[in-house]
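Computation of the quantities below employed the complete heavy-atom set of this structure, encompassing side-chain atoms and omitting hydrogens, waters and symmetry-equivalent molecules. Start at 1 and go down the list; that is how both ligands and their atoms are numbered.
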Amino acid sequence: MQKTEVLVIGSGLAGIIAALTAADKGAKVTIVTKTESIMSGSTPWAQGGIIYKGDNDSPEQLTSDILIAGDGASWEPAVHQLVELGPKLVKEILIDKYSVAFDYSNNNLDFTEEGAHSVRRIIHSKDQTGKAIHETIIPYLLNHPNISILTEHTVIDLLTLSHHSKNPQDIYIKPACFGAFILNNQTGKVFPIYANNTILATGGLGQIYINTTNPEESTGDGIALAYRAGARLMNLHYIQFHPTTIYSEHERFLVSESVRGEGAILINKFGHRFMENNPQKELAPRDVVARQIYEEMLNTNHPCVYLDVRHLDSKWIVERFPTINEHLLQLGIDMTKEPIPVVPAAHYSCGGVGVSLKGRTSLRRLYAVGEVSCTGVHGANRLASTSLLEALTWGWVAGNEVLQVDGDDNYFPEINEWQDGIDDIDNALIAQDWLTIKNTMWNYVGLIRTHQRLHRAHQTLRHLQNEIEDFYRKAKMSKDIIQLRNGVTTAYAVTNFAIEDRINRGSHFIKF
Ligand code: SIN
């Protein structure tokens, strides 16, 4: 039997910090990721930066900014933990321990600004902060004697006492997770890994929408795994849409909010600056800006609006945002000379698997960190650049907490062997089912919802989920069928949360 003390599922910032924290203190850790590269998830895609502490800043001011953005739905103890611990960990772990190459000006850390922040307090590495952090830390992970890494391995389901134990008495004890069933993507072999403690760090769910800033692996896996295992989910309907992604035929590449933080303005096709009358102008909270863009597109009958930086110093803009500039040039757009066509896209799940201040879920021996979790920090709408900070903070906290193993955490019951299906996968079905999920979510459970749209989505997804479950049960296991099953489960769960909440708050907006 393959056994580890800590099983970490996912390799973004939250997962790798949890793994390193536990491994540094002597725990044997196994990291599993379904991707070919360990450098996956949304972390390397994070452009803007990470909150530190600005000049004339204070914990009270940061707390207030987070609570205002969260629109009354944040959990204050979690916000306090983030605000008190987060910047300390940025200093101790990212700056002092790993020497991440943040940008400096005049020997001081350079602060940028993003929407709804009252001061400049975000440190960054050009416009690829997440990549700089990830690339710096990954080598420590690869060389750590206590860490084993399995890439190209996809988790099928979490092992729980209530679902998998052969001992009928186990359903009477407090539900707990003791590892996972895992598919080797290359050999097709399925095997269990037993773990004293398991940490979900699977990232987001953006791929359930047709337009998203997320990488292709963000298929909502952790939400679906936790749901099937019986862990509590929270705030799933609070999906944050990023206001500005490049409007192009093939993709939605993020144009960081820090571009607006540095002075870019939003105009419609007639050149009218439509955020001008908002007190915070282009730096209003994301949900406000995204919905205004959506309205503007409808009112002008145009498929996008434009982000304009032509009034800023062109040499500086190119140096400050090299990745975005390069990407735009490849699409034939010179941002120093012409406005950038932009549209909103699904960006971040503010809800997720509910966790305590220590990262514990409602299921014993199961933790969740990073975007898959719901710590309560983000409430109904996340403040920009809090996600890397939350990943670092809860990754560190959970990495310490898993070391507190109690007697029951060593219980591993006998389980039934994995039974594989026999049917070959029909890729046409997979592709069409994904299109149904993505279009349904975008049109009916998107930026602007109505009861009619939500009920239509509910019916469509309920039916599709039944079909896919049937298809999954008969299929030879593959990453594609596992992701599809997770995607539809997560989409259906998001829709159910949206139907049940009749109060418009933050990113959840129902037009009556
Ligand atoms: C951005 O750079 O606009 C994204 C940063 C974030 O979502 O926090």
Ionic contact status for [Y] with [X], cut-off 4.0 Å:
X      : Y      : answer
Lys479 : Glu152 : no
Arg286 : Glu114 : yes
Asp127 : Arg320 : no
Arg291 : Glu295 : no

query: Should the proximity of His124 to ligand 1, defined as any heavy atom under 4.0 Å, be assigned to the side chain, the backbone, both, or neither?
result: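 Answer for His124: neither.
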What are the atoms of ligand 1, with element, lying closer than 4.0 Å to any heavy atom of [X]?
X      : result
Ala384 : 8 (O)
His242 : 1 (C), 3 (O), 4 (C)
His347 : 4 (C), 6 (C), 7 (O)
Glu257 : 1 (C), 2 (O), 3 (O)
Glu114 : 1 (C), 2 (O), 3 (O), 5 (C)
Arg286 : 1 (C), 3 (O), 4 (C), 5 (C), 6 (C), 7 (O), 8 (O)

query: Does the separation of the ring centres of Tyr52 and Phe102 fall below 6.0 angstrom?
result: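 No, the ring of Tyr52 stays outside the 6.0 Å limit from the ring of Phe102, centre to centre.
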- prompt: Relative to Trp434, does Lys438 satisfy both conditions: NZ or CZ under 6.0 angstrom from the six-membered ring centre, and within 45 degrees of the ring's axis?
  reply: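 Pair Lys438/Trp434 counts as cation-pi.
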query: Name the one of Arg382, Arg120, Arg121 that satisfies salt bridge (Lys or Arg N to Asp or Glu O under 4.0 Å) with Asp65?
result: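 Answer after filtering Arg382, Arg120, Arg121: Arg121.
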Taking atom 8 (O) of ligand 1 as the reference point, the nearest protein heavy atom with its distance: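 Ranked first by proximity to atom 8 (O) of ligand 1 is Ser385 N, 2.7 Å.
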message: Please check whether Ser256 reaches ligand 1 - meaning an N/O of the residue sits under 3.5 Å from an N/O of the ligand, judged on distance alone.
response: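 Yes, there is a polar N/O contact under 3.5 Å.
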- prompt: Quick check: does Thr386 get an N/O under 3.5 Å from an N/O on ligand 1?
  reply: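 The answer is no, given that Thr386 and ligand 1 share no N or O pair closer than 3.5 Å.
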